[in-house]
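The structure under discussion appears below in the form of structure tokens.
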Number of protein chains: 2
Amino acid sequence: MDSENSGQGRRRAVSRRMGPQNSATSHAILDGAERVLQSRGYGAITSRSVAEESGVKHQLVYYYFKDIDDLLLTAFKRRMDRGIERLQRDAQSDRPVRAIFEDFYNSIDAWLDFEYMALANHHDGVRQEIVRFQTEARAIQIGIIERAYREKGIDPETIPPAALAFLITHVAMALVREEGTGFSAGHDEIRELVDRFFRSLE
Amino acid sequence: MDSENSGQGRRRAVSRRMGPQNSATSHAILDGAERVLQSRGYGAITSRSVAEESGVKHQLVYYYFKDIDDLLLTAFKRRMDRGIERLQRDAQSDRPVRAIFEDFYNSIDAWLDFEYMALANHHDGVRQEIVRFQTEARAIQIGIIERAYREKGIDPETIPPAALAFLITHVAMALVREEGTGFSAGHDEIRELVDRFFRSLE
DNA sequence: GTCTATACACCGATAGAC
DNA sequence: GTCTATCGGTGTATAGAC
């Protein structure tokens, strides 16, 4: 998993013949990879396991992707791009602050995200992609919160927008994660607290 | 990583000869495993990589542990036990609520924990151990918070103890995790908010 | 675009000698 | 308690035919 340059520079630098980036087959392979990630973990991601899950022969993986790291990075970027798109839609909602909370809560796949986070520890491209996503996502969230504060005449000093964005993100994620392990002590109280706060903004 | 029974039932059910659980060598192997986990990820955990990191021959791993799953579970349990011990010490502190926050903040190894969380997705024993830790830890934290509320005459309805325990835990963890990726937007605001709250309890 | 074939490396787990 | 030796299995990445 030690990728020297995947992510920042150019992909595709192998002598062997390779296919296009956006074919139906390459997306099928990405879907298969994410299913393997989800069900068996990044340690189980191999050209063979992904191919089997995608319904193609294992050598095809190397026709569409430079190597396993490239495959994983591409899958992760696709996932993060979709997250940004959802946030942009949330901003259009009539209760946008609540929307970014519910959006995170509903779209997070706790286990899949842990796989990607663990992966990021050893995959420079994925780590850089996480920073890119965090930066963009937080900026969008802060914009939404500042607008809500202005409209309701709320003092931004009480809970600064950046702090609220942080809280919304991580409370939603933590709820999903704990539920994922079958543990939900205190969740009702947290949801009540969150709801009380959102109502004060609406 | 599909462990059928590791964790709940008895370990040790192989015909081959095996060594004691608490020798210096077995702890050296556990330390090595955690270093590999930290530096290269659970996908890189093999009897050979762990042995090399521990300075022993790879076959010794199978003398001290049933298999790789058993090794990983033992390492994780050891780590969680240490966490519980620290929480019990925090309870003795003169500012115990602040102590559980600082404790989490200082003892979390964001990347190592992601490895374990990802591992839990495919390792029943580790998942069960997480639930055990969460249950015990939350109970201790709630006890600490309830005591602080009583001593200061604070209404527990404002922020219920279970909710506060949840927030303290996950805010501390999220700070460490974001810092781990080199992202710290809003952290100053969060720390200020947290500090303001803790001062109101002291 | 997709398949067959293939090189070469690495891992898990065990048996048995010292 | 530690070592040598070894088995069968699986993975990566490529070359080249169809």
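Chain letters run A, B, ... following the sequence lines, proteins first and then strands; every chain starts at 1. Since the structure is predicted, the reported quantities are computational estimates derived from the model, not experimental observations.
With sequence neighbours left out, R86(A) forms a side chain to side chain donor-acceptor pair (under 3.5 Å) with D103(A), S107(A). Evaluation of the side-chain contact (heavy atoms from CB on, under 4.5 Å) rule for V176(A) yields Y105(A), I108(A), A110(A) as partners, not counting sequence neighbours. Judged as a side-chain contact (heavy atoms from CB on, under 4.5 Å), and not counting sequence neighbours, the contacts of Y62(B) are R16(B), S47(B), I68(B). By the side chain to side chain donor-acceptor pair (under 3.5 Å) test, R199(B) is found to be paired with D195(B), residues two or more places apart in sequence or in another chain being considered.
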What does the list of N/O pairs under 3.5 Å between the protein and nucleotides 4-9 of chain D look like, with a distance for each?
from	atom 1	to	atom 2	distance (Å)
dA5(D)	N6	Q59(B)	NE2	3.0

TODO: Quick one: do L87(A) and Q141(A) satisfy side-chain contact (heavy atoms from CB on, under 4.5 Å)? Show the steps, please.
DONE: CA-CA 8 Å; L87(A) 271 177; Q141(A) 294 168 332; 4.2 Å; yes
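Look at Y62(A) and you'll find a side-chain N or O under 4.0 angstrom from OP1 or OP2 of dA13(D). Residue S47(A) has no polar side-chain atom (N or O) positioned under 4.0 Å from OP1 or OP2 of dG11(D).
The residue among S15(B) and S49(B) whose nearest nucleotide of DNA chain C is located toward the 5' end is S49(B). Nearest-nucleotide positions on DNA chain D for A44(A) and R17(A) put A44(A) closer to the 5' end.
Side-chain atoms of D31(B) do not come within 3.5 Å of backbone N or O of S54(B) as any donor-acceptor pair.
On the nucleic acid side, DNA chain C contacts chain B at distances under 4.0 Å to non-hydrogen atoms, with the end points of that region at dC11(C) to dA17(C).
Counting non-hydrogen atoms under 4.0 angstrom, S23(B) reaches nothing in the nucleic acid.
Ring pair H187(A)/F166(B) is perpendicular by interplanar angle, where above 60° counts as perpendicular and below 30° as parallel.
In summary, the side chains of E115(A) and H122(B) do present a donor paired with an acceptor at a separation below 3.5 Å, with no hydrogens or angles considered.
One can place CD1 of I45(A) at 17 Å from C1' of dA13(D), the figure rounded to the nearest angstrom.
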